[in-house]
Amino acid sequence: MMSRSDQTPDAPTPASTATGGAAAPTPGSELVPQDGELGETVAALTDDDLGQKSRRRLLGRLVGQVRARGTSSLFKPKAAVRWLTDTVAEIAPHVPIRDRETLRRHFDGLDGDALAERLVRNAVRATAGVGAAGGGVAAVEWAVTPTLLSAPVLLAAETVAVVAIELKLIGELHEAYGVQVPGTAGQRAMVLLRSWTAQRGVNPLVPGVGVGAVLGTAARKELRDRLLRRFGRNLTTLGPFLTGAAVAGFLNGRATRGLGNRIREDLRPPRPAIGD
């Protein structure tokens with residue numbers, strides 16, 4: 001379920017986890033977590049008040065959780081992209097989205113554009129922090145032992161974390177502008193995932209948004225393409241020592257700022273014409 005509660009600094013309360021009976025695995029999805037542990041870690045990483053030390057610790061936990069489930073698919077390009085697509089869809093309902101009233105309480109009564117700007121600023125800081133944390137992890141691993149084999153695991157973990165932060169940003173920008181995304185928690189998660197893929201705001205009046213929203217074949221292909229581009233950009237994390245951290249942090253933050261600005265343009269109420 002998508003949590004709509006507030007979060008506390010450095011000790012975030014993750015959204016409730018999804019558990020269920022075993023299902024037949026689909027090709028390329030053998031690494032997708034079924035017990036909600038990865039979803040809990042990702043939910044914690046989206047906290048915009050998280051300190052960098054805690055962010056690095058959580059990213060390290062996320063890398064460990066991915067590695068513990070086996071990493072063979074991450075070394076095969078097509079299978080790796082399928083894994084990313086399945087995992088992002090799996091964790092999307094765990095991303096905590098605060099409602100408008102909670103956001104206003106958390107940000108001292110800010111609303112509309114002022115609230116949206118604060119949300120974008122915090123998300124930029126969070127994704128930049130993930131890039132810096134990932135670069136730091138890479139620097140330590142490269143210095144200690146030849147771990148080229150762990151590179152896909154780190155890149156996958158960083159990509160999932162950044163997407164989760166941006167999904168939270170999109171959901172909360174809609175709340176800030178009073179645009180309600182209809183449907184159940186799981187359906188809203190799929191709508192926001194489609195919004196992230198298109199890099200556009202959600203129009204609740206468009207057919208297919210809400211109750212019937214699912215991640216169909218065409219939407220999954222678009223999501224795979226978007227994730228492939230994001231995964232490739234995260235290669236900067238692997239730059240020598242801490243230079244990778246600096247570049248990855250900058251590129252993550254710039255991309256999040258661009259996404260936030262595009263979503264805001266779609267959601268911002270139209271300005272009245274002069275003389276109205």
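These numbers come from the heavy atoms of this one structure, side chains and all, not from hydrogens, waters or symmetry mates.
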### Query
side-chain contact (heavy atoms from CB on, under 4.5 Å) between Val120 and Leu173: does it pass, once the steps are laid out?
CA-CA 8 Å; Val120 171; Leu173 284 176; 4.2 Å; yes

#### Entry: Side chain Arg55, main chain Leu45, donor-acceptor under 3.5 Å
yes

### Task
Examine distances only and state if a side-chain atom of Thr256 and a backbone atom of Ala123 form a donor-acceptor pair shorter than 3.5 Å.
no

### Task
Answer yes when Glu117 and Arg257 have at least one side-chain N-carboxylate O distance shorter than 4.0 Å, and no when they do not.
yes

### Message
Restricting to non-hydrogen atoms, name the atom on Val181 and the atom on Leu192 that form the minimum distance, rounded to 0.1 Å.
### Response
CG2-CD2, 4.3 Å

### Query
Are any non-hydrogen side-chain atoms of Val160 and Trp83 less than 4.5 angstrom apart?
yes

### Message
Let's go through Leu119 and Phe107 carefully: what are the C-alpha distance in whole Å and the side-chain angles of both, what is the deciding distance for side-chain contact (heavy atoms from CB on, under 4.5 Å) to 0.1 Å, and is it a yes or a no?
### Response
CA-CA 9 Å; Leu119 292 172; Phe107 293 105; 3.8 Å; yes

### Query
Nearest heavy-atom pair of Ala116 and Tyr177: which atoms, and what distance?
CB-OH, 3.4 Å

### Query
Using 4.0 Å as the upper bound for N to carboxylate O, is an ion pair formed by Arg262 and Asp266?
no

#### Entry: Residues Glu222 and Thr197: side-chain donor-acceptor under 3.5 angstrom
no

### Message
Has Glu166 got a side-chain atom pairing as donor or acceptor with Leu259's backbone, closer than 3.5 angstrom?
### Response
no

## Note on the structure
Between Ile91 and Gly39 the two heavy atoms that sit nearest each other are CG2-CA, 4.0 Å

### Residue pair Ala161 / Leu62: nearest heavy atoms and the distance that separates them
CB-CD2, 4.3 Å

### Query
What's the shortest heavy-atom distance between Leu115 and Ala176, and which atoms?
CD2-CB, 3.7 Å

#### Entry: Distance, nearest 0.5 Å, that separates CD of Glu158 from OG1 of Thr127
9.5 Å

### Query
Under 3.5 Å, is there a donor-acceptor pair linking the side chains of Thr41 and Gln65?
yes

### Spacing of Leu50 atom CG and Arg56 atom CZ [to the nearest 0.5 Å]
11.0 Å

### Query
Side chain of Thr46, backbone of Ala43: donor and acceptor closer than 3.5 Å?
yes

### Task
Answer yes or no: is there a donor N or O on one side and an acceptor on the other, between the side chain of Glu175 and the main chain of Glu172, under 3.5 Å?
no

### Query
Can you tell me how far CG of Leu59 sits from CD of Gln52, rounded to the nearest 0.5 angstrom?
9.5 Å

### Separation between CZ of Arg194 and CZ of Arg220, rounded to the nearest 0.5 Å
13.0 Å

### Summary
Taken to the nearest 0.5 Å, the spacing of Met190 CE from Leu193 CG works out to 5.5 Å

### Query
Between Ile97 and Val95, is a side-chain contact (heavy atoms from CB on, under 4.5 Å) present by the stated rule, with each step listed?
CA-CA 6 Å; Ile97 308 294; Val95 175; 4.1 Å; yes

### With Asp48, the salt bridge (Lys or Arg N to Asp or Glu O under 4.0 Å) member among Arg121, Arg98, Arg125
Arg98

### Query
Looking at Ile263, Val202, Val191, which hits side-chain contact (heavy atoms from CB on, under 4.5 Å) with Ile170?
Ile263

### Query
Would Thr102 and Asp99 satisfy side-chain contact (heavy atoms from CB on, under 4.5 Å), going step by step from the backbone distance to the final call?
CA-CA 5 Å; Thr102 301; Asp99 62 27; 2.7 Å; yes

### Minimum-distance pair of heavy atoms, taken over all atoms of Ile165 and Val130
CD1-CG2, 3.7 Å

### Summary
Value for CZ (Arg118) from CG (Asp113), rounded to nearest 0.5 Å, stands at 13.5 Å

### Message
Under a 4.0 Å threshold between the charged nitrogen and the carboxylate oxygen, would Arg100 count as salt-bridged to Asp111?
### Response
yes

### Short side-chain donor-acceptor distance under 3.5 Å, Asp49 and His106
yes

